[in-house]
Amino acid sequence: MTHVAPAERSTRSPAQVETITVSRYASLKGVAVTIVNLAVFFLLWELIARAGLINELFFPRASEMFAAMYNGFADGTILPEIWHSLSNFLIGLAISIVIGIPVGLLMGASRVADLILSPYVWAMASLPRVALIPLLILIMGFDNSMQLTIIVLSAVFPIMVNCMAGVKTVDPSLLRAGRVFGTSRVQTYSKIIFPFTLPFVISGVNQGIARGLVGMLIGELLGGGGSGLGFLLDRAGDQFDAPMLYAVLILLAVMSVGLIQSMRWLEQRAAPWRDTLRT
Amino acid sequence: MVHVGSHETDRPAKEHANTAGSTLIEVAEVNAGYDNQRERTRLIALRDISLKVTQGEFLAIVGPSGCGKTTLINMIAGFVKPLSGVVKVRGVPVDGPGADRAMVFQDYALLPWRTVERNVEFAIENRRGHVPKPERRARIANALQLVGLAGFEKSYPHELSGGMRQRVGIARALVGEPEILLMDEPFGAVDAMTREAMQAELEKIIAETRQTVVFITHSIDEAITLGDRIVVVSSRPGTIREIIDIDLPRPRFDERNDIKRSARFGEIRSHLWKLLSDEALGAKWGSVARQEGETA
């Protein structure tokens with residue numbers, strides 16, 4: 001294997017490290033495996049559907065699904081809805097981050113803020129979001145603001161709770177080191193507590209993304225706004241358009257995986273030390 | 001009974017050249033403890049501790065775990081206040097941490113997101129006017145050189161072994177040139193081989209920098225090989241059982257002359273062993289009764 005554990009890399013002398021030859025295509029191996037894997041999956045899907053074992057009404061062929069997806073993009077029914085969902089989602093996420101991080105940090109840092117806010121935060125963090133839909137419709141109608149609100153309400157609490165947990169779990173011996181080496185109150189926050197909390201913030205945002213996507217969908221499915229991927233899903237279901245239904249589901253999966261994976265990537269970049277800290 | 005010089009009774013006035021200085025740290029009739037608000041009790045960690053550390057001395061503190069050694073060092077560092085009594089450094093009562101005292105932690109306490117050199121810099125960048133900026137680079141390079149970490153400036157702590165991390169911890173403690181080096185079981189988390197090598201190096205470093213050291217350990221051998229004096233602390237609540245002078249010549253880590261094989265080392269060792277094993281057994285038998293007595 002070409003990978004050298006980082007824990008060992010720098011403690012080894014140059015005399016210990018030898019160059020080895022690795023195939024030029026080694027890095028493409030993972031991609032190739034994924035492509036083959038997916039190809040086999042869709043092929044199996046196609047074959048099972050063609051065998052007619054399951055009613056085609058709710059299990060269409062993979063080829064029909066791809067055709068529906070292609071047509072949807074070609075005639076412009078899908079793209080505007082993706083754009084609507086994605087922009088709604090990103091705006092909602094941005095609002096959640098702007099509210100969630102400072103409030104979470106405040107709750108972690110101040111006992112008073114924690115005591116006052118935590119009953120509400122925990123109640124809202126645990127309450128299934130769907131329960132809020134009737135009230136939100138009552139207040140905001142079938143407007144887009146209602147869809148945005150449900151995204152924010154879904155995403156903001158995981159972010160808040162994680163930030164709070166980050167501040168509260170700061171390694172006490174780092175705080176002791178801070179005191180020994182003369183950090184002021186401000187320095188304690190800027191040099192110890194915030195950097196320590198950063199990976200928690202990122203995993204909070206990660207959870208916020210997952211929850212926010214659920215919020216986005218229930219808003220579009222139940223909010224009756226008439227736009228977004230959730231709306232497409234709803235309509236395809238009503239029209240017994242199984243290929244379209246599956247096509248939208250696959251697009252949603254791709255979108256979610258893309259968002260969450262890019263956060264994972266960011267998480268590793270922002271805090272490469274985190275894995276070793278936990279062991 | 002082997003004769004082991006006891007501090008209270010027959011400590012020679014000027015045994016070693018480097019204990020001949022003036023009193024630097026004075027702990028006078030200190031009691032310390034922690035309040036438990038919920039149970040409305042107070043755990044007494046230390047009782048009636050009086051102690052003087054002279055300038056340039058290497059004081060080792062041994063005792064069973066939970067005997068309040070760490071509380072004692074924390075009071076000298078300035079982040080635990082005694083319930084009664086006073087801790088003075090250079091005759092001034094300790095009121096919080098200061099640049100004249102630095103600490104090496106058992107769990108290293110390095111900032112994992114900072115490189116080695118930035119971790120060392122942490123010790124001299126916080127206090128205003130402590131070390132002027134242009135001087136810092138040279139000071140850091142010096143400290144890293146001293147602990148044998150030159151060339152690892154850009155490494156992150158998680159890339160280093162335990163022993164190397166603690167070298168960073170020592171460099172960080174030394175870079176501000178404190179008068180007093182407080183070490184809280186610094187080698188407790190490294191393996192036995194590394195531990196011995198680190199002890200040898202610490203002796204060499206201290207011979208060069210001439211710090212006054214207060215060193216906590218629960219290894220008897222470590223205390224004898226490093227210390228000028230050993231304070232034996234009994235447990236629950238911690239009281240000073242005995243203070244022992246270590247009259248072994250320095251340097252103690254000498255390849256030609258293994259100090260651990262000398263008769264004197266054996267004498268001191270068995271004396272300490274007896275004291276501490278009494279203590280360990282006593283703690284076991286007595287702990288229930290004592291705890292009951294304390295909360296009542």
Side-chain angles (χ1 to χ4, degrees), chain A residues 3-17 111-112 115 163 166-167 169-203 266-279, chain B residues 70 73-74 76-80 96-116 118-131 149 151-165 169 172-173 175-176 178 180-182 184 194:
Chain A
H3 178 74
V4 179
E8 294 179 336
R9 195 197 302 138
S10 39
T11 48
R12 297 232 158 131
S13 61
Q16 246 181 311
V17 182
R111 259 184 82 81
V112 179
L115 277 172
C163 288
V167 176
T169 53
V170 168
D171 188 352
S173 74
L174 292 186
L175 294 176
R176 266 207 320 164
R179 295 189 64 185
V180 167
F181 298 113
T183 52
S184 66
R185 218 179 142 72
V186 175
Q187 285 168 333
T188 306
Y189 276 96
S190 66
K191 293 184 179 180
I192 300 172
I193 295 177
F194 290 154
F196 189 93
T197 308
L198 184 64
F200 289 84
V201 174
I202 292 173
S203 69
L266 193 66
E267 187 172 15
Q268 279 161 7
R269 286 299 154 99
W273 44 269
R274 198 193 178 191
D275 285 337
T276 47
L277 192 75
R278 266 181 294 181
T279 54
Chain B
T70 300
I73 213 168
N74 282 347
I76 300 171
F79 33 75
V80 173
D100 55 341
R101 285 152 287 147
M103 196 179 230
V104 179
F105 300 89
Q106 180 177 8
D107 56 0
Y108 321 129
L110 302 175
L111 302 176
W113 51 86
R114 285 193 178 205
T115 59
V116 166
R118 294 271 298 129
N119 259 296
V120 175
E121 191 177 9
F122 184 68
I124 48 176
E125 67 182 21
N126 296 317
R127 294 187 172 94
R128 208 170 296 162
H130 182 190
V131 178
L149 275 181
F152 289 94
E153 290 83 359
K154 304 288 182 205
S155 301
Y156 284 89
H158 74 267
E159 298 174 323
L160 303 176
S161 66
M164 292 173 85
R165 285 184 211 180
R172 179 176 66 177
V175 73
I180 300 166
L181 194 57
L182 303 168
D184 186 359
T194 313

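Below, chains carry the letters A, B, ... as their sequence lines are ordered, and counting in each starts from 1. Only heavy atoms go into these numbers, but all of them, side chains included; no hydrogens, no water, no symmetry mates. It should be emphasised that the depicted structure is a prediction, and the values quoted were computed from it without experimental measurement.
Using a 4.5 Å heavy-atom cutoff, the side chains of B:P112 and A:L174 are in contact. Counting only heavy atoms from C-beta outward, the side chains of A:T183 and B:R127 never approach each other to under 4.5 Å. At least one side-chain heavy atom of A:V180 sits less than 4.5 Å from a side-chain heavy atom of B:F79.
The contact between B:D184 and chain A is made entirely by side chain atoms (from C-beta outward), counting heavy-atom distances below 4.5 Å. For a residue to count as touching a neighbouring chain, one of its non-hydrogen atoms must lie under 4.5 Å from one of that chain's; by this rule B:R172 touches chain A with backbone and side chain alike. At a 4.5 Å heavy-atom cutoff, the contact between A:I192 and chain B is made by backbone and side-chain atoms alike. Heavy atoms of B:F105 lying under 4.5 Å from chain A belong exclusively to its side chain. For a residue to count as touching a neighbouring chain, one of its non-hydrogen atoms must lie under 4.5 Å from one of that chain's; by this rule B:L110 touches chain A with the backbone only. Both the backbone and the side chain of B:E125 come within less than 4.5 Å of a heavy atom of chain A. Heavy-atom distances place the backbone of B:R101, and not its side chain, under 4.5 Å from chain A.
Interatomic distance, B:N126 CG to A:T188 OG1, rounded to the nearest 0.5 Å: 8.0 Å. To the nearest 0.5 angstrom, B:W113 atom CH2 is 9.5 Å from A:L198 atom CG.
At a cut-off of 3.5 Å, with distance as the only test, a side-chain donor of B:D107 or A:S173 sits close to an acceptor on the other residue.
Taking every heavy atom of both residues into account, B:A102 and A:F181 meet most closely at CB-CE2, 4.0 Å.
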